[in-house]
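Some notes on the structure that comes next.
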Protein chains: 2
Amino acid sequence: MNYNIPKPTESELEILQVLWEYGPSSVRFVNDKLNEEREVGYTTTLKLMQIMAEKGLALRDTQSRTHIYQAAVSEADTQKRLLQKFVDTTFRGSAMKLVMQALGAHQASPEELDEIKALIEKMESDSEDEK
Amino acid sequence: MNYNIPKPTESELEILQVLWEYGPSSVRFVNDKLNEEREVGYTTTLKLMQIMAEKGLALRDTQSRTHIYQAAVSEADTQKRLLQKFVDTTFRGSAMKLVMQALGAHQASPEELDEIKALIEKMESDSEDEK
DNA sequence: AATTATATACGAAGGACTTCGTAAAAGCAA
DNA sequence: TTGCTTTTACGAAGTCCTTCGTATATAATT
């Protein structure tokens, strides 16, 4: 486990998502990806990535002149952490309320719904086993 | 619908949750509730609630010396807005990934699971109807 | 009436985050 | 070599949010 690593800010999360999707990348590459979504200055991205390296959110390889950064935290772990906090603050700890909202607000495909049903049934049978 | 109302910050959300739960309240009351969780100065809460009134997140009745504030945004709407944003930034728009994570990370009671299953089945039959 | 308690108003400090300008270094091209 | 491009480094400004000190007004208490 890692952690004294702080939770990423929103901007840092955007950068992490590029690193998660494309693997180790230069600042230039990340900045280009971000600019597909919205305008960001190069030095802004650079600064953020430097800070992320300091915080331990990213690792950087300074071998070549163009430094290469990679995520130092996993996507699943990060999502889990942020979800925990979000459930606490916005749904006062009720994950189920959140699930109901999420299911209601976004239409899911039949396949996705089946996937979820399968997961629920697995959970129910698991809790049977505990008896 | 409302909205040019900004999304509440975390502190504002804490206050809104008191207002949602207990209805129109004085600063004193809200501050006492907050202090059951963590230490907050009275003028801090006052200032936040004044700002919330400015922003349109709360309404205040200044009839009596002790002003009475009430939420100007509904809990469900606010949760929906925040959830939308959270899904976008943290799960890149995939509400289903979030649902799976939430179901996985927090153990739910059998009753809750049944509730969710019922919702899913309702959604499935609804999408049948569309054909 | 004088004191004490409670309320609002205001401003400003401090911190976290984002943004960007500028400089210095390193590589590339003419 | 000289100049152009790319990169890192650094610092500082600006914003948003939170917190709190202080002043002022109103009410309650003695």
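Each chain gets a letter, A, B and so on, in the order the sequences are listed, and its residues count up from 1.
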Rounded to whole Å, the CD1-C1' distance (Ile51(B) to dT18(D)) equals 8 Å
Leu59(B) and Phe29(B): same hydrophobic cluster, using ILVMFWY side-chain contacts below 4.5 Å?
-> no
Original post:
NA contact type, Thr44(A), heavy-atom cut-off 4.0 Å: base, sugar-phosphate, or nothing?
Top reply: base
Angle separating the five-pair end axes of the helix from dA1(C)-dT30(D) to dA30(C)-dT1(D), nearest 10°, is 10°
So Thr43(A), base contact, sugar-phosphate only, or nothing? Heavy-atom distance under 4.0 Å. base
The answer to which of Leu46(A) and Arg38(B) contacts DNA chain D further toward the 5' end, by nearest nucleotide, is Leu46(A)
Should the pair Phe86(A) and Phe86(B) be assigned to parallel (<30°), tilted (30 to 60°) or perpendicular (>60°) ring geometry? parallel
The reported gap from NZ in Lys85(A) to OG1 in Thr90(A) (rounded to nearest 0.5 angstrom) is 10.0 Å
To the nearest angstrom, the CZ-P distance between Phe29(B) and dA7(C) comes to 14 Å
### Message
Base, sugar-phosphate or nothing for Lys55(B)? Non-hydrogen atoms, less than 4.0 Å.
### Response
sugar-phosphate
Taken to the nearest 0.5 Å, the spacing of Met52(B) CE from Tyr69(B) OH works out to 9.5 Å
Ignoring backbone atoms, establish whether Arg65(B) has a side-chain N or O less than 4.0 Å from OP1 or OP2 of dA5(C). no
With side-chain hydrogen bond (donor to acceptor under 3.5 Å, both in side chains) as the test, would you mind laying out the steps for Glu39(B) and Asn35(B) before giving the verdict? CA-CA 5 Å; Glu39(B) 197 179 311; Asn35(B) 274 277; over 6 Å; no
Legend entry - OP1 or OP2 of dC17(D) under 4.0 Å from side-chain N/O of Ser11(B): no
Think Gln50(A) has a side-chain N or O under 4.0 angstrom from the OP1 or OP2 of dA9(D)?
yes
**Message:** Does dA16(C) have OP1 or OP2 under 4.0 Å away from a side-chain N or O of Thr9(A)?
**Reply:** no
In whole angstroms, the gap separating P of dT7(D) from CZ of Arg60(A) amounts to 15 Å
Atom CD of Glu12(A) and atom P of dA16(C) are separated, to the nearest Å, by 13 Å
**Message:** At less than 4.0 Å, is any side-chain N or O atom of Tyr42(B) found next to OP1 or OP2 of dT8(C)? Yes or no.
**Reply:** yes
By nearest-nucleotide position on DNA chain C, the 5'-leaning member of Thr62(B) and Val40(A) is Thr62(B)
Begin with the C-alpha distance, continue with both residues' side-chain angles, and end with the deciding distance and a verdict on salt bridge (charged side-chain N to carboxylate O under 4.0 Å, His left out) for Lys80(B) and Glu75(B). CA-CA 8 Å; Lys80(B) 191 174 160 188; Glu75(B) 181 169 21; over 6 Å; no
One should read off an interatomic distance between Ser26(A) OG and Arg60(A) CZ, to the nearest 0.5 angstrom, of 13.5 Å
Here the distance between atom P of dT19(D) and atom CD of Glu10(B), to the nearest Å, is 11 Å
When Val73(A), Thr9(A), Asn4(A) are each screened for side chain to side chain contact (heavy atoms under 4.5 Å, CB included) with Lys55(A), the one that passes is Thr9(A)
Between CE of Met52(A) and P of dA16(C) the distance, given in whole Å, is 18 Å
Looking only at dT18(D), dT8(D), dA7(C), the nucleotide nearest the Leu48(B) side chain is dT18(D)
Can you find a donor-acceptor N/O pair under 3.5 angstrom joining the side chain of Lys47(B) to the base of dG11(C)?
yes
For dA5(C) and Arg28(B) - does any side-chain N or O of the residue sit under 4.0 Å from the phosphate oxygens OP1/OP2? no
Ile68(B) CD1 to dA7(C) P, in whole Å, measures 10 Å
Here the distance between atom C1' of dC20(D) and atom CG of Leu34(B), to the nearest Å, is 16 Å
